[in-house]
2 protein chains.
Amino acid sequence: RAHIIVLGNEKGGSGKSTSAMHLVVALLEQGRRVATIDLDGRQRTLTRYLENRARAAAEGANLLLPSYAVVTRSEIADFHGAQADERQRFLSVLEDYVGRHDVVIIDCPGSDSFLSRLAHGCADTLLTPMNDSFIDLDLIARVDPDDHSILGPSLYAELVWEMRKRRALTGGTVDWLVMRNRVGHLDARNKRRVSEVLARLAKRIGFRVVAGLSERVTYRELFLQGLTMLDLGRTGSSLTMSEVAARQEVRTLVASLDLPPVGR
Amino acid sequence: RAHIIVLGNEKGGSGKSTSAMHLVVALLEQGRRVATIDLDGRQRTLTRYLENRARAAAEGANLLLPSYAVVTRSEIADFHGAQADERQRFLSVLEDYVGRHDVVIIDCPGSDSFLSRLAHGCADTLLTPMNDSFIDLDLIARVDPDDHSILGPSLYAELVWEMRKRRALTGGTVDWLVMRNRVGHLDARNKRRVSEVLARLAKRIGFRVVAGLSERVTYRELFLQGLTMLDLGRTGSSLTMSEVAARQEVRTLVASLDLPPVGR
Ligand SMILES: Nc1ncnc2c1ncn2[C@@H]1O[C@H](COP(=O)(O)OP(=O)(O)OP(=O)(O)O)[C@@H](O)[C@H]1O
Ligand SMILES: Nc1ncnc2c1ncn2[C@@H]1O[C@H](COP(=O)(O)OP(=O)(O)OP(=O)(O)O)[C@@H](O)[C@H]1O
Ligand SMILES: [Mg+2]
Ligand SMILES: [Mg+2]
């Protein structure tokens, strides 16, 4: 049965889809069978990235591809009917994928939705990217402006807490990882302050902080071609220093997921 | 009657709330009476930023404050009842504000919602921040990966088009401004490519591109104190070069809004 990784953060633009895409390529490179489920039926960033990749592959590029699907929000007007419809379609795609892949990566939208909550409730690993910012932190916990003490959990931490309890009912556990994304090199004071609060929050709320991704144009420049910097090395073209560093960041991230060995 | 500025972009994390906050402070500094309406009832980033500012003011800081309100999503289960409820509460706050302020700034959530569409339908100025990224561009238009020709409008451009038509029915026009946010200094090639597509898109879709904001830690490190770099000069403390540059970026942005002269 596949390991399920959910990219979750109600905060928009925190890097869920970008992280998901780079994990997909890195895990495929490791020889794993990978599938993705896109729960952002409107924007479909991950799916469009993969469609761009499929087009490049069809045009001759030697690229590994995952299985991929989109689960859209229900059009049913009745509240309970819509949820039943979403649950049925989501579980149907998920059950199909977990039986014939090693990893299923689920990309959530940047807003609260029933589908997103379903995904959070079935995650083996929940990966939450966030900007190196007290604005992003504000969705996880309220922080005192003077001494940075933690005043209490915010919406997203409460959502995760609730879905974790639900998962515990079936004996499951969730490995919750929080990673910073788009980290700059010039923000020493802010970076230190955010790290310090995150470290305390990790103990209190129950997640572990993992090394994330720097702000690098290579993480966003290859979207139309469906490529990542992990793919660039193979064409024989030489990489920039930033691309080499990005490859290392992605591989460090994959290692921190602590997945079962390949091919079990 | 106040000039209504809407911060809109369905793409999450594009900088709506950050841009809104800095516009608020800049416009207050110009002597305008400013009000804000937060349509992100869940995350409330702008409102929390303003509450932090109100707290600092209450503790003695000499800070100008806008009027501010949140309009939450309806809890009514019935679809049409919920929309009627949201429309009534939104218009009630808006009508109150436009009668006694010079500018009303409306911050939209990073997702499609009825309240967001209502705001788009009553904007005098629609300001759309976006990351310097083909991923963000993908929500405005589909672009050919090989020659970057424009294949057609995407979801968000269609939403704006539809709300513009609606506004035209009452004889109103919308000045649609698109600004890049979090622009880096190291991304020359990607920056040039995005700019080139945006320039063509502007003609075709009907918006104007305005100078935006660079990626600077000062845009996010003062959230907990409710401050912006526009406030820092007054305490007499010296500003960093980045803070000085940020102040100029914000003032250039305000100027590009082409608002009526202060105090009419
Ligand atoms: N490490 C990075 N370096 C540079 N740009 C990045 C990085 N991560 C993300 N971006 C850019 O930031 C923006 C937001 O990223 P992304 O779309 O992956 O976030 P998201 O959490 O999936 O957003 P949403 O909530 O809208 O689904 C995009 O323009 C993307 O190209
Ligand atoms: N110019 C900038 N420089 C540095 N950081 C920025 C800048 N603009 C925004 N940010 C940071 O980027 C993140 C997203 O910004 P913001 O919350 O303003 O976007 P948004 O469009 O309102 O998001 P949402 O869709 O979730 O409402 C925040 O962590 C914010 O602090
Ligand atoms: Mg996404
Ligand atoms: Mg916002």
Side-chain angles (χ1 to χ4, degrees), chain A residues 9-18 40 42-45 48-49 52 55-56 59 77-79 109-113 131-139 142-146 148 154-156 182 184 186-191 193-194 215-226 242, chain B residues 9-18 40 42-45 48-49 52 55-56 59 77-80 109-113 131-139 142-146 148 154-156 182 184 186-191 193 215-226 242:
Chain A
N9 193 343
E10 196 176 328
K11 180 61 176 140
S14 48
K16 299 175 288 295
S17 305
T18 295
D40 193 341
R42 228 174 122 73
Q43 298 182 14
R44 306 189 181 205
T45 306
R48 292 177 60 67
Y49 208 149
N52 293 342
R55 177 188 315 115
E59 289 168 2
D78 155 55
F79 181 78
S111 53
D112 183 24
S113 72
N131 282 292
D132 185 38
S133 169
F134 280 103
I135 280 184
D136 281 41
L137 204 46
D138 195 48
L139 265 82
R142 284 168 300 117
V143 172
D144 184 276
D146 301 316
H148 286 177
S154 286
L155 285 183
Y156 184 66
R182 306 192 70 177
L186 284 178
D187 334 324
R189 180 179 55 194
N190 185 69
K191 207 180 295 185
R193 288 171 173 173
V194 172
E215 166 77 18
R216 298 180 188 283
V217 70
T218 183
Y219 283 116
R220 61 175 185 259
E221 185 172 35
L222 302 170
F223 169 74
L224 292 178
Q225 296 96 307
S242 187
Chain B
N9 192 343
E10 195 176 331
K11 179 62 175 139
S14 49
K16 299 175 287 296
S17 306
T18 295
D40 194 341
R42 227 172 121 77
Q43 300 182 14
R44 306 190 179 203
T45 306
R48 292 177 58 68
Y49 208 147
N52 293 342
R55 176 188 316 115
E59 289 169 2
D78 155 57
F79 181 77
H80 288 106
S111 54
D112 183 23
S113 71
N131 282 291
D132 186 37
S133 169
F134 280 103
I135 280 184
D136 281 42
L137 205 45
D138 196 48
L139 264 82
R142 283 168 300 117
V143 171
D144 185 275
D146 301 314
H148 287 178
S154 288
L155 285 184
Y156 184 66
R182 305 192 70 177
L186 284 177
D187 333 325
R189 181 178 54 192
N190 185 68
K191 205 180 296 186
R193 286 170 173 173
E215 166 77 20
R216 299 179 187 283
V217 69
T218 184
Y219 284 116
R220 62 174 185 259
E221 89 178 318
L222 302 170
F223 169 73
L224 292 178
Q225 295 97 307
S242 188

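Chain identifiers are assigned alphabetically (A, B, ...) following the order of the sequence lines, protein sequences preceding nucleic acid strands; residue numbering begins at 1 within each chain.
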Could you measure the distance from the [atom1] atom of [X] to the [atom2] atom of [Y]? Nearest 0.5 Å is fine.
{"X": "B:His148", "Y": "A:Leu224", "atom1": "NE2", "atom2": "CG", "value": "5.0 Å"}
{"X": "A:Glu215", "Y": "B:Arg182", "atom1": "CD", "atom2": "CZ", "value": "6.0 Å"}
{"X": "A:Arg193", "Y": "B:Glu221", "atom1": "CZ", "atom2": "CD", "value": "6.5 Å"}
{"X": "B:Arg142", "Y": "A:Arg48", "atom1": "CZ", "atom2": "CZ", "value": "7.0 Å"}

Where does [X] contact chain B at under 4.5 Å (heavy atoms): side chain, backbone, both or neither?
{"X": "A:Val194", "value": "neither"}
{"X": "A:Arg216", "value": "neither"}
{"X": "A:Ser14", "value": "neither"}
{"X": "A:Phe134", "value": "both"}

N/O donor-acceptor pair under 3.5 Å between A:Gln43 side chain and B:Glu10 backbone | yes

Side-chain heavy atoms of [X] within contact of [Y], under 4.5 Å:
{"X": "B:Arg220", "Y": "A:Asp187", "result": "yes"}
{"X": "A:Ile135", "Y": "B:Thr18", "result": "yes"}
{"X": "B:Arg44", "Y": "A:Leu139", "result": "no"}

When only pairs under 4.5 Å are counted, which of [options] shares the most heavy-atom pairs with chain B?
{"options": "A:Asn190, A:Leu155, A:Val217, A:Asp144", "result": "A:Leu155"}
{"options": "A:Asp78, A:Asp40, A:Asn131", "result": "A:Asn131"}
{"options": "A:Thr45, A:Asp132, A:Asp138", "result": "A:Asp138"}

